[in-house]
Amino acid sequence: KAGVTQTPRYLIKTRGQQVTLSCSPISGHRSVSWYQQTPGQGLQFLFEYFSETQRNKGNFPGRFSGRQFSNSRSEMNVSTLELGDSALYLCASSLGHASSYEQYFGPGTRLTVT
Amino acid sequence: QKEVEQNSGPLSVPEGAIASLNCTYSDRVSQSFFWYRQYSGKSPELIMSIYSNGDKEDGRFTAQLNKASQYVSLLIRDSQPSDSATYLCAVRSTGNQFYFGTGTSLTVIP
């Protein structure tokens, strides 16, 4: 089975711009979660989508949003970028129900905001 | 108080020794626990999951869970230099929220 894929792998943006990141989960996985990883804060949960519905949301401002499509692919959008948004953005897929909550991470998108 | 706490390390062990990594969590009703390994510049890789009290073994790795003490650990036997990485503890808590510790850096010295 193919693993989780994320595009693009690297991005450089300017303050005030917006960005859209994409994640394709493992085939058959219906849950996609997004995380922000920075050296100071570690892995922080952004949100989780399951069957096109946002099931959970972390403590991030409304500038961070996401969606999930019927094929379980997910996108994350960050508007009005700030310098502090520079981070590694990881998505993780899982079956998302009681038989397995194990999450498998993609390679990440490294976002640099200048 | 953080949801998941780990000693940041660094933890250094000689090759062939047992490395012991520890994690505590705050939500008493948490049901699922995971250990991830993250090499520098890479994304986290799932090593083990554990759901019930006791030990779970997979090759050189053993996860131990004690829900009464809200404590989960990972033992790595016969440590190899290739085990040098940051180990992340993750907990699935109330409402299906996942919380990660900040990780313990492990160095295995040849």
Side-chain angles (χ1 to χ4, degrees), chain A residues 1 3-7 9-10 21 23-26 29-51 53-60 87-112, chain B residues 1-10 21 23-27 29-52 56 58 61 63 65 67 72 74 85-106:
Chain A
K1 259 188 188 178
V4 180
T5 59
Q6 290 186 247
T7 57
R9 294 292 311 277
Y10 302 92
L21 313 181
C23 172
S24 292
I26 293 169
H29 285 192
R30 293 164 64 190
S31 168
V32 174
S33 297
W34 287 90
Y35 294 87
Q36 180 194 67
Q37 188 173 36
T38 58
Q41 299 294 321
L43 262 171
Q44 292 192 286
F45 172 73
L46 282 153
F47 29 67
E48 181 209 7
Y49 286 86
F50 181 83
S51 293
T53 301
Q54 188 180 85
R55 188 159 72 172
N56 278 298
K57 188 176 189 309
N59 193 24
F60 276 80
L88 180 66
Y89 289 89
L90 292 159
C91 85
S93 82
S94 79
L95 290 170
H97 52 67
S99 67
S100 178
Y101 288 105
E102 295 178 348
Q103 294 189 337
Y104 298 88
F105 284 88
T109 295
R110 173 77 59 186
L111 172 65
T112 302
Chain B
Q1 182 189 4
K2 290 186 178 179
E3 299 284 345
V4 179
E5 304 227 31
Q6 296 180 253
N7 288 330
S8 60
L21 306 162
C23 171
T24 58
Y25 59 94
S26 61
D27 186 346
V29 301
S30 297
Q31 293 295 318
S32 311
F33 307 86
F34 309 89
W35 283 100
Y36 287 83
R37 176 175 62 197
Q38 187 172 25
Y39 292 113
S40 180
K42 301 292 187 182
S43 61
E45 171 194 8
L46 180 66
I47 300 173
M48 302 255 326
S49 59
I50 185 166
Y51 300 89
S52 305
K56 179 181 177 183
D58 184 0
F61 299 96
L65 175 61
K67 290 185 179 180
V72 58
L74 179 71
T86 296
Y87 289 80
L88 302 169
C89 171
V91 174
R92 184 178 69 85
S93 188
T94 309
N96 201 39
Q97 286 256 23
F98 275 79
Y99 295 95
F100 282 78
T102 52
T104 298
S105 175
L106 171 67

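So you know, we letter chains A, B, ... as the sequences are listed, proteins then strands, and number each from 1.
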*Please flag which part of A:Gln37 lies under 4.5 Å from any non-hydrogen atom of chain B: side chain, backbone, both or neither.*
side chain

*Hey, is NZ on B:Lys42 packed in by over 12 heavy atoms from elsewhere, all under 6.0 Å?*
no

*Is the A:Tyr35-B:Phe100 ring centre distance short of 6.0 angstrom?*
yes

*State the CG-CZ distance between A:Asn56 and B:Phe98, to the nearest 0.5 angstrom.*
9.5 Å

*Where does A:Arg110 contact chain B at under 4.5 Å (heavy atoms): side chain, backbone, both or neither?*
neither

_Enclosure of B:Asn7 CG (heavy-atom neighbours >12, cutoff 6.0 Å)_ = no

_Region of B:Tyr36 that comes under 4.5 Å of a non-hydrogen atom in chain A_ = side chain

*Counting distance only, does the side-chain N/O of B:Ser43 pair as donor-acceptor with the main-chain N or O of A:Gly106 below 3.5 Å?*
yes

*asked:* Heavy-atom cut-off 4.5 Å, strictly under: side chain, backbone, both or neither for B:Gln38 against chain A?
replied: side chain

*In Å, rounded to the nearest 0.5 Å, how long is the span from CD of A:Glu102 to CZ of B:Arg92?*
11.5 Å

*With a 4.5 angstrom heavy-atom cut-off, which part of A:Leu43 approaches chain B: side chain, backbone, both or neither?*
both

*asked:* Assess the residue pair B:Gln97 and A:Phe45 against the criterion (side chain to side chain contact (heavy atoms under 4.5 Å, CB included)); give the C-alpha distance rounded to whole Å, side-chain angles, the decisive distance to 0.1 Å, and a yes or no.
replied: CA-CA 8 Å; B:Gln97 286 256 23; A:Phe45 172 73; 3.1 Å; yes

